[in-house]
Amino acid sequence: MEVHYLIRKPILLEARFRIRGFTVLLGESGVGKTTLLRALAGLVKAEGKPYGGLPPERRPVGYLPQDLALFPHMTAWENVAFPLRTGQRRQQALALLERVGLLEHAHKRPNQLSGGQRQRVALARALARNPELLLLDEPTSALDPLTKDQVLGELVDLIRREGIPTLAVSHDPILARMADWLVVMGPGTILQEGPPEEVYSAPSQLLVARLLGYENLFPARIEPGGVEVNGIHLRLSLPPWARPGDTAWVGIRAEEVIVVRQDRPPPAENVLEGVLANLHPEGLAYRGVFQGAIRLQVLLPRHVQARLNLRPEQRLQVVLKTHYLHLMPGEAD
Amino acid sequence: MDLLFWTALRLSLEVALLASLILLLLGIPLAWLMAFHRFPGKYLLEAVFLLPLVLPPTVLGFYVLLFLGPEGPWLRITGLSWAFRFEGLVFASVLFSLPFALTAYREAFLALDRNLLEVARTLGVPPWKTWGRVVLPLVWPGLLSGTLLAFAHTLGEFGVVLMVGGSIPGKTQMVSIYIYDLVQALRFEEASKAASVLLFLSLAILVAARTLEAKGRAWKSTT
């Protein structure tokens with residue numbers, strides 16, 4: 001499904017992107033994600049396709065706001081039955097609850113359900129009007145952090161089984177990884193879209209790279225066969241747009257900075273010498289800072305640290321493999 | 001207690017009941033407008049509705065009397081002479097208690113989660129159904145509590161009804177004026193009895209209103 005919307009109020013925003021399967025719209029707070037979602041539901045005035053000009057009542061969408069807005073005085077099945085018009089409303093509602101796996105909780109009120117269960121009641125209620133598009137606002141926010149991943153996974157599976165195109169807006173990279181299609185939004189505009197693995201591995205610009213967790217980003221000057229960063233030459237395969245002499249940005253993920261093992265022959269290229277400025281555990285991994293010609297965030301899996309037994313202040317070599325280095329157009333900040 | 005007391009009490013209850021029902025019909029759309037819509041002159045309109053709260057009741061009563069009196073515009077426009085009559089008392093009471101009812105109704109509407117109304121729209125439900133199944137079930141405690149407050153407030157009014165109705169025993173003498181007349185006549189024992197009835201009645205109404213308010217809040221804490 002193609003979306004092209006122009007919103008003037010409450011913020012100026014033009015968005016053009018596709019929705020394919022379970023689509024996640026990723027962006028920082030305040031860029032207009034929720035506004036765009038509400039515009040698709042018809043709750044914010046906008047021009048464009050699809051559904052331009054239709055009131056919310058006439059749009060075939062299922063909208064799940066951030067707080068889900070379940071009717072607090074109704075039981076789960078009454079909530080689901082609310083949009084149903086005729087016939088056996090109770091039977092239909094129970095069937096919908098069964099589809100989302102909540103039949104046994106049909107007689108509970110929203111305050112007796114967990115965050116994940118409330119989310120599925122809201123989904124069943126949205127399904128009751130046979131939407132052709134589902135809109136989810138920050139679906140991770142209502143969930144308990146400890147069980148978030150599992151509950152989200154189940155929700156996404158459920159939505160995939162229903163086969164309804166879905167747009168979920170979020171600032172949570174966990175959700176973005178579960179997407180069939182990832183759209184990245186900046187202030188008032190769409191920055192990039194594509195399959196998540198493509199967007200993650202090849203952000204189109206600095207803003208996208210920052211949003212997707214690239215911690216090591218440097219202004220660079222393009223040279224034949226690579227780039228110059230802070231006086232050192234890094235080899236990498238240049239994309240067609242890159243012309244020697246131009247400025248650009250080069251980035252590498254902290255977990256893709258590789259520490260060179262002293263007992264092995266050193267790699268041929270992109271080896272940097274320096275000092276491990278600090279090192280501390282982060283969950284099951286170790287996070288450190290490498291200080292050489294450039295300063296790099298380093299994230300070591302524990303099996304690597306178990307073998308290398310690195311300590312702060314020690315000298316070491318790191319290698320920036322060419323296929324992990326990512327070049328993006330753009331002037332220095 | 002003598003017959004005049006019961007007549008006065010009955011008149012007060014009748015005026016208060018009718019005024020409260022009118023307030024309910026008039027106040028709900030007005031409060032909805034004030035809670036959810038913006039329009040030019042809104043603050044001025046709100047100030048006008050709140051005016052009876054700060055005006056001396058005699059001043060409000062004086063203007064109502066001028067409006068309803070033999071030379072007033074009401075008689076000229078409608079041909080109805082309401083001054084010193086039951087209808088005049090009700091008219092004045094509605095104006096007098098409007099700020100109470102309106103403020104309570106508006107609070108009830110503002111406490112309503114706007115997301116519920118928006119989601120109801122996206123579910124393709126007609127407005128009347130949303131009103132019947134979502135809005136009223138959630139706000140009725142607030143509406144009823146506001147109406148009870150307005151009822152109690154009308155029951156206790158003095159200055160306005162004295163100006164508009166005078167104190168015609170058996171016709172426009174409301175119970176508050178009846179008690180005042182007893183005190184003026186130094187009949188303290190009867191005044192004390194009558195006052196205690198009013199005290200008990202008002203307290204019971206306030207307890208009921210508070211109970212309803214707490215019930216209205218109960219839904220909020222569960223979402």
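Protein chains get the first letters and strands the later ones, always in sequence-line order, with residue 1 at the start of each. As the structure is a computational prediction, the values presented were derived from the model and not from experiment.
Here the CE-CG distance, from A:M74 to B:L138, works out to 8.0 Å after rounding to the nearest 0.5 Å. Taking OG1 of B:T122 as the start and CG of A:L40 as the end, the distance is 12.5 Å to the nearest 0.5 Å.
The neighbour count for A:R18 CZ, taken as heavy atoms of other residues, nucleotides or ligands under 6.0 Å away, is above 12. More than 12 heavy atoms of other shown residues, nucleotides or ligands fall within 6.0 angstrom of atom CZ in B:F158. Atom OH of B:Y43 is surrounded by 12 or fewer heavy atoms from other residues, nucleotides or ligands within 6.0 Å. With a 6.0 Å radius and a threshold of 12 heavy atoms from other residues, nucleotides or ligands, B:F100 has its CZ atom at or below the threshold. Atom CZ of B:F67 is surrounded by more than 12 heavy atoms from other residues, nucleotides or ligands within 6.0 Å. Heavy atoms from other residues, nucleotides or ligands lying under 6.0 Å from NZ of B:K129 number more than 12. Surrounding CZ of A:R89 are more than 12 heavy atoms belonging to other residues, nucleotides or ligands, all under 6.0 Å away. The neighbour count for A:R58 CZ, taken as heavy atoms of other residues, nucleotides or ligands under 6.0 Å away, does not exceed 12.
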Assess whether side-chain contact (heavy atoms from CB on, under 4.5 Å) is satisfied between B:D113 and A:D67, documenting all intermediate values. CA-CA 10 Å; B:D113 182 359; A:D67 70 352; 3.4 Å; yes
Full working for side-chain contact (heavy atoms from CB on, under 4.5 Å) between B:L123 and A:R125: CA-CA 8 Å; B:L123 290 168; A:R125 181 178 64 179; 3.6 Å; yes
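In this structure, no portion of A:A128 lies under 4.5 Å from any heavy atom of chain B. Of the atoms belonging to A:L84, it is backbone heavy atoms, and not side-chain ones, that fall under 4.5 Å from chain B.
We find that B:E118 and A:R38 are joined by a salt bridge, their nearest charged nitrogen and carboxylate oxygen being less than 4.0 Å apart.
Shortest non-hydrogen contact noted between A:P72 and B:L116 is CD-CD1, 3.9 Å. B:R121 approaches A:P55 most closely through the heavy-atom pair NH2-CB, 4.3 Å. Across all their heavy atoms, B:P137 and A:H73 have their closest contact at CB-CD2, 3.5 Å. Closest approach of B:R133 and A:F82 over heavy atoms only: CB-CE1, 3.7 Å.
Counting heavy atoms from C-beta outward, B:N115 and A:Q66 have side chains that stay 4.5 Å or more apart.
Residues of residues 149-185 of chain A never come closer than 4.5 Å to chain B when only heavy atoms are counted.
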